[in-house]
Every structure is written in structure tokens, then in C-alpha cells.
Amino acid sequence: MPELPDVEKFKRYLDATSLGRRIAEVAVTDRRLLDGISPRRLADRLEGRWFAETRRHGKWLLVRLEPEDRDDWLALHFGMTGTLFHEKDAGEPPEYTRVLVRFTGGRRLAVVSMRMLGRVDLARSPERFVRRRDLGPDALRADWPTFRERLGGRRGMVKTTLMNQSVLAGIGNISADEIAFHARLHPRARLDHVSGERFRRLFDATQESLAVLVRCIAGGEAMPDDFLSPHRAEGEPCPRCGRAVRRIVLNQRGTYYCPACQRV
DNA sequence: AGTACCACCTGACGGC
DNA sequence: TGCCGTCAGGTGGTAC
């Protein structure tokens, strides 16, 4: 599930449950989630310290560790099936727990990932991490000049470019479809054919769609009636015009759009 | 720079 | 019931 809005939800969850608790032990139950670091090193860096604050960059959740040392940030990526569980430290951990952080005081945070497509990493700073991973600016914090600078002059397809994490970070399969829908652009539309008012509309749709998705997914509000996400199935009525939603495959991903509303 | 395809993983679901 | 293909909100590598 995790795209930008879902990761924002995990950020708020971690903030509400796990800040300021001293880490007693880190148990890695499946090291395949660890990206180039050993279970030993992860435990060494975390044990005895505590989570002090979080930041989200795209689909990455960065967690700052105190007291200050060398690797001051834990980086979490949730892949397609990752999630977090904070709970009382008793009994079996949740199914598919890959990393278990035990706090003093009898609580624990489980990093759960069924398909193991997520990642756990360490970083010196968010800035260095973003550079090392070649991530573009966070999609929700990109203003109009930034958006123009990142996407202007590109010739790829709208959806492909929106999902390119080095152009903008955070947009996934669902949000890309939602953005294209609100911008009234065919997901395959070539960016260099989207100019002037339509390019500005793509920026507005990006900001507005992501902001609303965050309010719904992370904030618990109801999805507005004019959103495409609840209608991701072939033949579903388009929430704007009622015509049948169509499914195509783009970048090997299921892509839904309204053939009547969205133009190339 | 851009696209297509494969690989990495596990599970759910429908057809036969 | 078992087997098989397809699909699922992830990224990274390859070849062209």
C-alpha cells in the first residue's frame, strides 16, 4: 500500500507511539530487508538510543536518533506491503515482522513486510540520504518553480514521469492515476505535448490530489466523491462523467483512467 | 532521456 | 483438491 500518503500515516503513527523511548534491543528476524547493513550494525547503532523526530521524504520515513553519533538517522521504506505496529512487548510479534525494536518499559515497534520489498537503512543526514538515493524533491513540498524545473523539458509519458522518484519523490501507482485524472490528462500523454495552461493544471492536480490523499489516508477523512481511487476497476463509472473506466498496462502496472475525460 | 522487460518476494483469486 | 496464470499502492538492473 505505501505511497506518499501512507508513509505520512506511518510517520504520524511513529510520532504518536515511539518517540523518546529508549531502545533496549533490536532483533532482525529476516535480514533481506536490510540494505547493505548487517543486523549487528543496525543493533549497534540503535541500542541505547531513542527516536527523537521523524521526517518523510517521498516514500521514505527518516527517523532521527539521539544522542548524536555518526549514523543519526534510521531510514525505512515500506515497499508494497510494509507497515508498522507498536504494541506491548509480549507474545508472538505480528506475522511477517522483519525487524523488531524493543523499548525499555515493555513496548515494541515491529517493522512488518510481507513481500519484503521494503528497505531498512542508516544515514548520516536526510540530505546525504536523498543525494545517495538520487531522490527528487518531495512531491508534496515541490512548489510551482520546482515542479516546472523538474518536469519541464521532459518528453516521457505523464504517468511514467510522475512516478520517477528522481524527478519527484513520493508518487506511486495510485496517486499517479489520481493526478492524471484530476489534470484530465491521459496517463500516456507525452509531457512535451502538455504545455501552458495544461502543464499548470498538472501541477495543481499534483498538489491538490496529494494533499487530499494525505487528509484521507493519513488523516482519516472520507474520500471525496470525485476521486478515482475508489473506482479502480474496469467498467466502473467515472466519478466525473459516468463513462466506463478503462484499464491499461503502463510500466507493467495496472493503470486506470477515463477515456472520455482524459485526453492525450 | 526514455521504454520494455526481468528480477526480487509472498499471497489471493479465478479458471480448469 | 491441485495446478496455473494473473494481479497486487515497491525498486533496481539490463538492453536497446
Side-chain angles (χ1 to χ4, degrees), chain A residues 1-11 28-36 56-61 75-84 94-99 111-121 129-130 132-136 138-140 149-181 186-194 206 209-210 212-218 223 227-236 245-257 264:
Chain A
M1 112 166 69
E3 300 185 18
L4 186 156
D6 310 277
V7 179
E8 184 64 28
K9 180 179 182 170
F10 299 150
K11 171 178 159 53
V28 176
T29 41
D30 196 313
R31 61 182 298 164
R32 281 176 293 178
L33 219 59
L34 272 49
D35 204 9
R56 184 192 53 70
H57 191 101
K59 301 173 191 174
W60 285 91
L61 178 56
L76 301 172
H77 192 288
F78 298 92
M80 283 175 94
T81 57
T83 190
L84 296 173
E95 200 176 8
Y96 309 118
T97 293
R98 312 302 183 187
V99 175
V111 178
V112 174
S113 179
M114 184 182 80
R115 286 171 67 186
M116 249 153 353
L117 300 171
R119 290 286 175 271
V120 175
D121 199 359
F129 184 77
V130 164
R132 172 155 65 86
R133 296 273 173 179
D134 192 25
L135 297 175
D138 181 76
L140 198 48
E149 184 258 316
R150 302 302 296 177
L151 283 84
R154 291 193 160 261
R155 288 166 302 169
M157 294 181 275
V158 163
K159 179 171 180 181
T160 311
T161 309
L162 285 172
M163 287 183 68
N164 183 339
Q165 301 299 297
S166 63
V167 174
L168 290 177
I171 300 170
N173 199 39
I174 299 277
S175 20
D177 282 359
E178 197 67 59
I179 292 166
F181 177 71
H186 193 293
R188 291 201 112 98
R190 277 183 52 157
L191 218 41
D192 55 340
H193 297 163
V194 178
T206 301
S209 305
L210 290 175
V212 170
L213 287 171
V214 166
R215 288 205 295 274
C216 297
I217 292 168
M223 191 79 69
F227 264 54
L228 178 68
S229 306
H231 306 282
R232 292 176 64 80
E234 180 96 50
E236 272 281 298
V245 165
R246 181 176 296 169
R247 176 184 193 273
I248 58 173
V249 175
L250 212 161
N251 307 332
Q252 277 78 257
R253 313 296 303 277
T255 297
Y256 297 86
Y257 73 103
V264 178

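Every value quoted in this text rests on a predicted model; they were computed, and no experiment measured them. Quick note on labels: first sequence line is chain A, next is B, and so on, each numbered from 1.
- The side chain of Tyr256(A) places an N or O atom within less than 4.0 Å of a non-bridging phosphate oxygen (OP1 or OP2) of dA8(C).
- Residue contacts for Arg190(A): at a heavy-atom cut-off of 4.0 Å it reaches no nucleic acid atom on any strand shown.
- DNA chain C forms stems at B:2-8 with C:10-16, B:10-16 with C:2-8, each a run of 3 or more consecutive Watson-Crick or G-U wobble pairs whose two key distances fall under 3.5 Å.
- In this structure, Arg246(A) places its CZ atom where only 12 or fewer heavy-atom neighbours from other residues, nucleotides or ligands lie under 6.0 Å away.
- Separation of the P atoms belonging to dG5(C) and dC6(B) is 14 Å when rounded to the nearest angstrom.
- Summarising the geometry, the separation between NZ on Lys59(A) and C1' on dG12(C) is reported as 13 Å, rounded to the nearest angstrom.
- The closest donor-acceptor contact from the side chain of Glu3(A) to the backbone of Ser175(A) lies under 3.5 Å.
- Taking the six-membered ring where the residue is Trp, Trp60(A) and Phe129(A) present perpendicular rings, their angle passing 60° and hence far from 30°.
- Here the P atom of nucleotide dG2(B) and the CG atom of Leu250(A) are 14 Å apart, to the nearest Å.
- The separation between Leu151(A) atom CG and dG2(B) atom C1' is 14 Å, rounded to whole Å.
- With hydrogens and angles ignored, the 3.5 Å screen pairs no side-chain donor or acceptor of Arg115(A) with any backbone N or O of Thr81(A).
- Contact annotation for Ser175(A): no contact, since no heavy-atom pair falls under 4.0 Å across all strands.
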Going 5' to 3' through nucleotides 5-11 of chain B and flagging B where a protein heavy-atom sits under 4.0 Å of the base, S where only the sugar-phosphate is that close, and - otherwise, we get BB-BBBS
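- dG14(B) atom P lies 17 Å from atom CD of Glu234(A), rounded to whole Å.
- At least one donor-acceptor pair under 3.5 Å links the side chain of Glu178(A) to the backbone N or O of Ser229(A).
- Put simply, CG on Leu210(A) and CD1 on Ile179(A) are 4.5 Å apart, with the number rounded to the nearest 0.5 Å.
- Residue Arg247(A) places its CZ atom among more than 12 non-hydrogen atoms of other residues, nucleotides or ligands, all under 6.0 Å distant.
- On the P atoms, dT10(B) is 24 Å away from dT1(C), given to the nearest whole Å.
- Between the C1' atom of dG12(C) and the CG atom of Asn164(A) lies a distance of 12 Å, rounded to the nearest Å.
- Spacing between atom CG of Asn251(A) and atom P of dC7(C) amounts to 15 Å, rounded to whole angstrom units.
- Aromatic ring orientation, His186(A) versus Tyr257(A): tilted (interplanar angle from 30° to 60°).
- Residue Arg247(A) places at least one side-chain N or O under 4.0 Å from the OP1 or OP2 atom of dA8(C).
- Here the side chains of Val112(A) and Leu84(A) are not in contact, with every heavy-atom distance at 4.5 Å or above.
- In this structure, the nucleotide among dG10(C), dT3(B), dA4(B) sitting nearest to the side chain of Arg188(A) is dA4(B).
- When rounded to the nearest whole Å, the span between CG of Asp192(A) and C1' of dA1(B) equals 11 Å.
- Between the CD atom of Gln165(A) and the P atom of dG13(C) there is a distance of 14 Å, rounded to whole Å.
- Atoms NE2 and CG, from His77(A) and Leu33(A) in turn, are 11.0 Å apart once rounded to the nearest 0.5 Å.
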